[in-house]
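What follows is a set of notes on a single structure, which appears directly below.
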2 protein chains.
Amino acid sequence: MSSDGPKRLMFSYFADLAKVLGNGHRLELIELLAQGEQPVEVLSQRTGLSFANASQHLQQLRKAGLVVGRRSGKNIIYRLEDGPIVETITALRKLAEHNVAAVQDVVATYFDQLDNLDPIGPDDLMDRMRTGSVTLLDVRPEDEFRAAHIPGALNIDLQALESRIAELPMDMEIVAYCRGAYCVLSFQAVKLLRARGYRVTRFSEGLPEWRASGRAVATA
Amino acid sequence: MSSDGPKRLMFSYFADLAKVLGNGHRLELIELLAQGEQPVEVLSQRTGLSFANASQHLQQLRKAGLVVGRRSGKNIIYRLEDGPIVETITALRKLAEHNVAAVQDVVATYFDQLDNLDPIGPDDLMDRMRTGSVTLLDVRPEDEFRAAHIPGALNIDLQALESRIAELPMDMEIVAYCRGAYCVLSFQAVKLLRARGYRVTRFSEGLPEWRASGRAVATA
DNA sequence: AATTCATTCAATGAAGTTTTTGAATGTACC
DNA sequence: GGTACATTCAAAAACTTCATTGAATGAATT
């Protein structure tokens, strides 16, 4: 927190905020919270962080004004604050895709390999949902689906996909999505379903970006 | 640089990039470079950093893919890489304005106090330039003006404003701009000129944002 | 009132960042 | 070829961040 005129002060505040985003675990916590509110326990499990460690990262996000917690019985339930949080992380992601060579490598060797087809964008998806020419598949855990999903989507948790595969139509294109652009759940769904002869594409983003761009979401 | 599946890898790369943005001096270096390329000496002077320290921050920006240096005689001249760098910092700034209480305080006590009029936005500015109903004043140092400025702007370095004040019309509204939204130069210009009876407003952003939004800039 | 459970807090050590200093590099000028 | 200059590099000191541990809090259950 240096200071030397109000401009330097402002830059140091912007930097403090960037520092809070400057940790992979915290970015993952934000991604999870962008699906919907969660108690610390679930966040700790889904990120693989120890309980105390998850709690401390959440404190930092809270101090930065990015999340709030409320008590509900024995649990503290965290949720994302209002504000352009998803937008900022999307900007960071696009900057990394454009300027960081290592990111381009991972995309090329890992993600493009799994899904060599162009993913479908939000405008296209909306058109095709309207004409009913596509089945939209949400492969996130049930609780995240219930908190918010793209209207008209069918929820099958990736865990259950193999056993519930009969619920999917073979004669219609399927579009799979999950938590965000690099959420592996939808990549794995595409892989599994293609192997069984389904026509599947990925949606280019996840639920948080869909909502951040002002489109309607459904609950329950 | 943790790793546990490609998604965690990606998040750790995004976090590394955020970490590089997580230092006020580096944000200031980026702002200066967003005006145009500069040798290390000038960057070190304008930021108040020691030579070696400025150099080391520039190395970090280079490793992150945000700047490049080229040799020109005895100097190494740095410039911003292509890519959505200004956009990302703008997103960070807006997030801070929205979610960080301390930022709101500084804006209220420092900036709003200096200029209680609404600043003019880019679309309005363009309209008013076309109809010739406004004089646009660029108060950055001459070298930054020469590298790139908003077409039609008059350059008077803030340092020289008092002595060259006669060049400004008293019967027309003046709009002042400089390096960015919180660049103090334009605030000080507004203060000085209002005290002399000129009608002055600030432009809401600076040159980098103007260019990043795809508008034409002039050189020389 | 005692116990359990979810969470936070405080303290520790290990690892990383920032700044300063002085030496090293590489280009230009005499 | 030697000297001056701009910049980078390497090492050290001061400080910050991260994960782990165990104790503390505070609501719910018995």
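We name chains A, B, ... by the order of the sequence lines, and we start the count at 1 in each one.
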Could you list the residues that satisfy side chain to side chain donor-acceptor pair (under 3.5 Å) with B/Gln60, not counting sequence neighbours?
B/Arg26
Holding to ring-ring contact (aromatic ring centres under 6.0 Å, His included), I want the full list of residues that pass it with A/Phe11, two or more places apart in sequence or in another chain.
none
Which distance, rounded to the nearest 0.5 Å, do you find between the [atom1] of [X] and the [atom2] of [Y]?
X	Y	atom1	atom2	result
A/Leu154	A/Asp138	CG	CG	8.5 Å
A/Leu137	A/Arg202	CG	CZ	13.0 Å
A/Ile30	A/Ile89	CD1	CD1	4.0 Å

Scan B/Asn75, B/Ile77, B/Leu43 and name whichever one has a side-chain contact (heavy atoms from CB on, under 4.5 Å) with B/Gln38.
B/Leu43
Donor-acceptor pair, side chain of B/Asn155 and main chain of B/Pro141, under 3.5 angstrom
no
Considering only heavy atoms of chain B and a distance under 4.0 Å, specify the first and last nucleotide of DNA chain D in 5' to 3' order that meet this criterion.
D/dC5 to D/dA10
In terms of side-chain heavy atoms, does B/Glu31 have a donor or acceptor partner in B/Tyr182 at a distance below 3.5 Å?
no
Grab the N/O contacts between the protein and nucleotides 2-7 of chain C below 3.5 Å, and write none if there aren't any.
| residue | atom | partner | partner atom | Å |
| --- | --- | --- | --- | --- |
| C/dC5 | O4' | A/Lys74 | NZ | 3.3 |
| C/dA6 | O3' | A/Asn75 | OD1 | 3.0 |
| C/dT7 | OP1 | A/Val40 | N | 3.1 |
| C/dT7 | OP1 | A/Ile76 | N | 3.3 |
| C/dT7 | OP1 | A/Ile76 | O | 3.4 |
| C/dT7 | OP2 | A/Glu41 | N | 2.9 |

Quick one: which protein N/O atoms are closer than 3.5 Å to N/O atoms of nucleotides 17-21 of chain C? Pair and distance per line, please.
| residue | atom | partner | partner atom | Å |
| --- | --- | --- | --- | --- |
| C/dT18 | OP1 | B/Asn23 | ND2 | 3.1 |
| C/dT18 | OP1 | B/Arg26 | NH2 | 3.3 |
| C/dT18 | OP2 | B/Arg26 | NH1 | 3.2 |
| C/dT18 | OP2 | B/Gln60 | NE2 | 3.2 |
| C/dT19 | OP1 | B/His25 | NE2 | 3.3 |
| C/dT19 | OP2 | B/Asn53 | OD1 | 3.1 |
| C/dT19 | OP2 | B/Asn53 | ND2 | 3.3 |
| C/dT19 | OP2 | B/His57 | NE2 | 2.6 |
| C/dT19 | O5' | B/Asn53 | OD1 | 3.2 |
| C/dT20 | O4 | B/Gln56 | NE2 | 3.3 |

Summary of salt bridge (Lys or Arg N to Asp or Glu O under 4.0 Å) pairs that have at least one residue in residues 36-58 of chain B, sequence neighbours excluded:
B/Glu37-B/Arg70, B/Arg46-B/Asp143, B/Arg46-B/Glu144
Parallel, tilted or perpendicular, judged at 30° and 60°: which one describes the rings of A/Tyr177 and A/Phe203?
perpendicular
